[in-house]
Structure formats: structure tokens, C-alpha cells
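Each remark here refers to the structure printed beneath this line.
Every number for a ligand or one of its atoms is a count from 1 in the order of the listing.
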Amino acid sequence: MNIEEFIQNANILTNWIADYYKNIRFYPVKSLVGPREIFNSLPMEIPQEGEPFDNILQDFQDIILKGITHWQHPRFFAYFPANTSFPSILGEYLTSALGIQAMMWLTSPSAAELEERVILWLRDAMGLSNEFVGCIQDTASTSTLVSLLTAREKVSNFKINQEGFNDNYRFTVYCSTEAHSSIEKAVRIIGIGSKNLRKIPVDQNFAMEPEKLEETILKDISNGFTPLCIVGALGTTSTTAVDPLVKLGEIAKKYNVWYHIDGAMIGSALLLPEFSHLVEGINLADTFVFNPHKWLFTNFDCSVYLVKNPDLLVKTFQISPSYLKTDYDEQVHNYRDWGIQLGRRFRALKLWFVLRSFGLKGIQSKLRLHINFAKELEKMIRQDNRFEILAPVNFTTICFRYNNPLRKKSEEQLNDFNKKLLETINQSGFAFLSHTTLNGKITIRFSIGQTNTCLDDIQQTWSLIQKKAAELESYEKKKIF
Ligand SMILES: *Cc1c(COP(=O)(O)O)cnc(C)c1O
């Protein structure tokens, strides 16, 4: 492809993307292909000769698109959003064009310094302690892993990095039963073992019970364990419950335990002054993570990792072979030492595009819009007594199920019914929702946060849920008689 062809193809692609976004509501949200369907429609070998761009784009449309779940569809209500926005797409386009490798300051000073600046922008806009500095990691999973590794090295005085584990170390890590699976994954990876992860019970609002946490820590200490880290949740994945972050921080301080807070989805809410009461808890943490790639209109991947003591972090990760040493190392941040991989993407660029294009006010009004949509939906659900809401609606995720008091069902039948209901809605292609289990109850999660979601999308999806539930109920009734 020469430069003239590049210009032409880029124009074709830009137009394609514009049409895609214009027509996105006509696509089935969740891909309806079956297993192996896409794989089997692809040729077995690399083409010997180069192919024209038009053919590639045609196959993208005919084959690949069928197997795409449209995360940017305004009726994507599953999991949490992985949202993007036009400024983010354009920033990413430039990043790919520059094609830099931002492993250290010298390999692109702008990448390092823009990254530092946008992190501080966000920190300050959230009103967080200026003890925090940070960097961009790929995901919250990585950020949590990096945090736990730092805790491990701090407590072992950097010995485990040198000598490996031995019998002297019996670490325990604490999170709630509702915490994200990435915490258990990190506990496994760093060599502590799942059985030493203490999953502390939650209250009726799905937030950790701090008394149980303290009891467990005391018991572990008396049994010869070293409590390594408490992971608090600012918004659990199932219900967006918020752990009592201040109390957790006080316990962490009292027992000298590392404190990490996982705010992957909900962290963005700290940009709203109405959530400034959450800042006190975050400020007690050693590290805090949230994902602009979830609810800050910046495309995957982009995870903000804040840390109070970067020296510990760097000491955990830094290995400086001669070929990576530079004359500037004393004056600059080499982010290769702030995480796992050497090579790093230039992620700050798209985030910068987003923050400048929206402005803080633009971002705040989008976040508030989504929160108001959730309130509207909660009202609609509460007005229909065939449905029940199963968790407090704290932000933009609503957990509910069908449970018609006029059609009594066992818990097992209810689970079955709600599973079927969800499947029917997702198969319709109109909207995509996902589920969780709360106290043994199959729960439908309606998670709002896609960049372009409108109230109409929510209302229409709710109508569809009501209609499908009624159909399913009458179908089941016919089956019995
Ligand atoms: C989504 C989520 C994660 C994982 O995020 P990744 O960036 O995909 O690793 C972790 N914790 C919580 C609370 C989440 O909601």
C-alpha cells in the first residue's frame, strides 16, 4: 500500500466507520453466530500474494462483522461497558500511526510526560490526595497484580524477588465475597495461593463487613500468618456495592497491611462532586485503580493506576540491564519500571483527546446522564410488581429479576425462568444484558454506561423485557395444562 492508496483507503474506512455509527442500532447487539462458524469461514493459509484493500474490507464486512458483539451499540447493557467515543477513536488512530513503543522516557519523552500529566489531571479533578502519582496500565487486573506484588516485596523487604518463596512466608490477602475474580487471579500468580485469599462476608447491601475483616485478620495473625493486603471495592462487579472504604483503611493502618482499592468501573464517578464523600476512603489506600476504558469514553485498553509510594513500585519491578540505562534516569519516569511488561502502548494520547474534547464538564454531564437513566429505569421496574430489584442501585447498574406474586414459583423455577428470559432478550438482538447470582438467585443485570445510550434505548429495552416475560409466562402456563 503506497501513500496515495493509504489516503484513499483511510477515507473509505472513515466513511465506513461513520456509517457504522449511524446505523449501529440496526445491528444485533450480541453476535448470533455459533461456535467455529467464523473460524471455518476463514481460509486455511496466508494468501501468497498481497490482496487489495477492497477485498479485505469486503471480507471484514461479510465474515468478521457477523461475529462481532457491538459493544458500542447504545443498547449494550451487559457486564460493564467498554465504551469509546469519537475523540478516543481518533487518538487511537494517531497512536497506531506513530507506532511508538513507550517503554521509557527516552523512547518518546512526550508519551511519558503526557501520561504523567493526564494522570495528575484526573487525580486532581477527583480531589484525591496529592501523595498519589501513577501511570496507565492495560487493565485493572494488571494494576491489581502490580499492587499485590509491590505489597509482597515491601513486606519481604524485596527478598522474594531475589530468593523466591520459602516457608517463612505465610501471607494472606483479604477481599469480600463479591470482589472481582482478578484479585484471586493475582493472588495465584504472585504465589500466595487461592486458599490464602480470605473472602470476607458482605452485608445485605453486598458491601464487606469490616468487623468480620478484623476478626479474620486477628485469627490469621494468631495462626502465624502475615496479612499482606486488603482489597476494597469501589463498586463490585455484580451490584456496584461500595465497601466501607474508610473503615477498611483504618483496619489496614492498625495492622500495617497494604491497602488497594479496585474501582474499575465506578472510579470515574469520583469526577462528580456529588460523590466526593468517597474520596476520604480512597485517600487511605496505598494504591487505587479505575478504568477509563469502562466508563470514561476511552477505548480499551486504558487503566489508571494510582500509587502513593512509587519508590516501592519501581524497586519491585526495576531491572536495569545496560542496554536500557540512560543518562536521564534520575530526572524522568521510565514507566517500564512501573509494571510488568517492558513494551508499552502510548495510551495517554487517546485519553488526552477525550479529556480535552469533552472537557471536565462534558464528562460530568455524560456521567450524570447515565446515573439519571439508571434512576428512571429503577422507577420503571419498581412500578411493575411482577419484577423485584435485588440490590441497591448505587450508580448505573440495576439488578433485578422476574418474580410475579400471582404466579408463585420455587426458587429453582424462578432461576430457570429468569435465565430463559435473559436468553430470549439476548437472542432477539435488540439489546444485550448479562446475569449474576445474588444469594443464590439468578439476577438480570442492566448495566448502563455506553457512550451514546439514550433514555429511549432504556425504555424500549425495558418494554421488551416486560413483553418477553409475559410471553414466557403464558407459554409455560400452556405447557402445564
Ligand atoms: C471489570 C472489573 C475488573 C477487571 O477489569 P480489567 O480491566 O478487564 O482487568 C476488575 N474489578 C472490577 C470491580 C471490575 O468491574
Side-chain angles (χ1 to χ4, degrees), residues 69 71 76-84 88 122 134-149 173-190 197 199-200 202 205-208 229-245 248 259-270 275 278 281-282 285 287-306 339-341 344-345 347 350-351 370 374 391 394-399 433-438 443 445-450:
T69 289
W71 285 71
F76 184 100
F77 301 122
Y79 316 109
F80 281 137
N83 63 26
T84 186
S88 178
L122 286 168
C135 65
I136 303 179
Q137 305 278 4
D138 53 6
T139 59
S141 304
T142 298
S143 301
T144 295
L145 175 59
V146 165
S147 174
L148 280 170
L149 271 168
V173 173
Y174 305 82
C175 64
S176 87
T177 50
E178 290 290 310
H180 191 264
S181 57
S182 56
I183 295 150
E184 181 160 353
K185 210 186 231 181
V187 163
R188 289 182 186 186
I189 293 170
I190 73 168
L197 175 63
K199 293 185 179 167
I200 308 298
V202 293
N205 293 328
F206 305 98
M208 191 194 289
C229 177
I230 298 168
V231 183
L234 172 62
T236 58
T237 307
S238 283
T239 72
T240 63
V242 178
D243 288 337
L245 298 176
L248 265 53
Y259 186 25
H260 173 62
I261 295 178
D262 176 4
M265 167 75 186
I266 296 306
S268 302
L270 295 175
F275 293 106
L278 296 169
I282 310 285
T287 55
F288 168 54
V289 59
F290 77 98
N291 285 348
H293 73 231
K294 272 186 172 158
W295 198 27
L296 211 62
F297 322 114
T298 306
N299 70 283
F300 191 89
D301 50 1
C302 187
S303 180
V304 167
Y305 180 59
L306 293 174
I340 293 166
Q341 78 276 33
R344 304 178 84 252
R345 283 165 32 71
R347 300 187 187 90
K350 62 189 174 188
L351 184 54
H370 291 165
N394 298 328
F395 301 95
T396 62
T397 302
I398 294 113
C399 293
L433 291 86
S434 57
H435 75 279
T436 187
T437 305
L438 298 175
T443 304
R445 278 173 84 264
F446 199 127
S447 154
I448 297 167
Q450 200 286 321

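- Residues meeting the salt bridge (Lys or Arg N to Asp or Glu O under 4.0 Å) test with Arg445, sequence neighbours left out: none.
- Between Asn291 and Ser268, the shortest heavy-atom contact is O-OG, 4.4 Å.
- Nearest heavy-atom pair across Gly339 and Val146 is CA-CG2, 4.1 Å.
- Between the side chains of Ser147 and Thr144, no donor N or O sits under 3.5 Å from an acceptor N or O.
- Near Gly235, meaning under 4.0 Å from one of its heavy atoms, ligand 1 places the atoms 13 (C).
- The shortest side-chain heavy-atom distance between Leu122 and Leu351 falls under the 4.5 Å cut-off.
- Checked by distance only, ligand 1 and Met265 stay at 3.5 Å or farther apart across all their nitrogen or oxygen atoms.
- At a 4.0 Å cut-off, not a single heavy atom of Ala233 sits close enough to ligand 1 to count as contact.
- Interface atoms of ligand 1 facing Phe80, defined by a heavy-atom separation under 4.0 Å, are 15 (O).
- A pairwise comparison of heavy atoms in Ile266 and Leu234 identifies CB-O, 3.3 Å as the closest pair.
- Of all the heavy atoms of Tyr79, none lies under 4.0 Å from any atom of ligand 1, so neither backbone nor side chain is involved.
- Contact annotation for Ser141 and ligand 1: heavy atoms of both the backbone and the side chain come within less than 4.0 Å of the ligand.
- Among protein heavy atoms, the minimum distance from atom 2 (C) of ligand 1 is reached at Lys294 NZ, 2.3 Å.
- Counting heavy atoms from C-beta outward, Phe76 and Thr69 have side chains that approach closer than 4.5 Å.
- The main-chain N or O of Ile136 is found under 3.5 Å from a side-chain atom of Arg344 such that the two form a donor-acceptor pair.
- Both the backbone and the side chain of Thr139 come within contact range of ligand 1, each with a heavy atom under 4.0 Å.
- Those atoms of ligand 1 with a heavy atom of His293 less than 4.0 angstrom away are 7 (O).
- By the 3.5 Å distance cut-off applied to N or O atoms, Thr236 is not counted among the residues near ligand 1.
- Each of the atoms 10 (C), 11 (N), 12 (C), 13 (C) of ligand 1 lies under 4.0 Å from some heavy atom of Asp262.
- Scanning the protein for heavy atoms near atom 4 (C) of ligand 1, the closest one is His180 CE1, 3.4 Å.
- For ligand 1, the atoms lying closer than 4.0 Å to a non-hydrogen atom of Ser182 are 10 (C).
- Contacts between Asp301 and ligand 1 below 4.0 angstrom, taking non-hydrogen atoms only, are absent altogether.
- Checked by distance only, ligand 1 and Thr237 come closer than 3.5 Å through their nitrogen or oxygen atoms.
- Heavy atoms of Ser303 come nearer than 4.0 angstrom to ligand 1 in no pair at all.
- Between Met265 and Thr237, every side-chain heavy-atom pair lies at or beyond the 4.5 Å cut-off.
- Asn83 places a side-chain N or O within donor-acceptor distance of the main-chain N or O of Gly449, the cut-off being under 3.5 Å.
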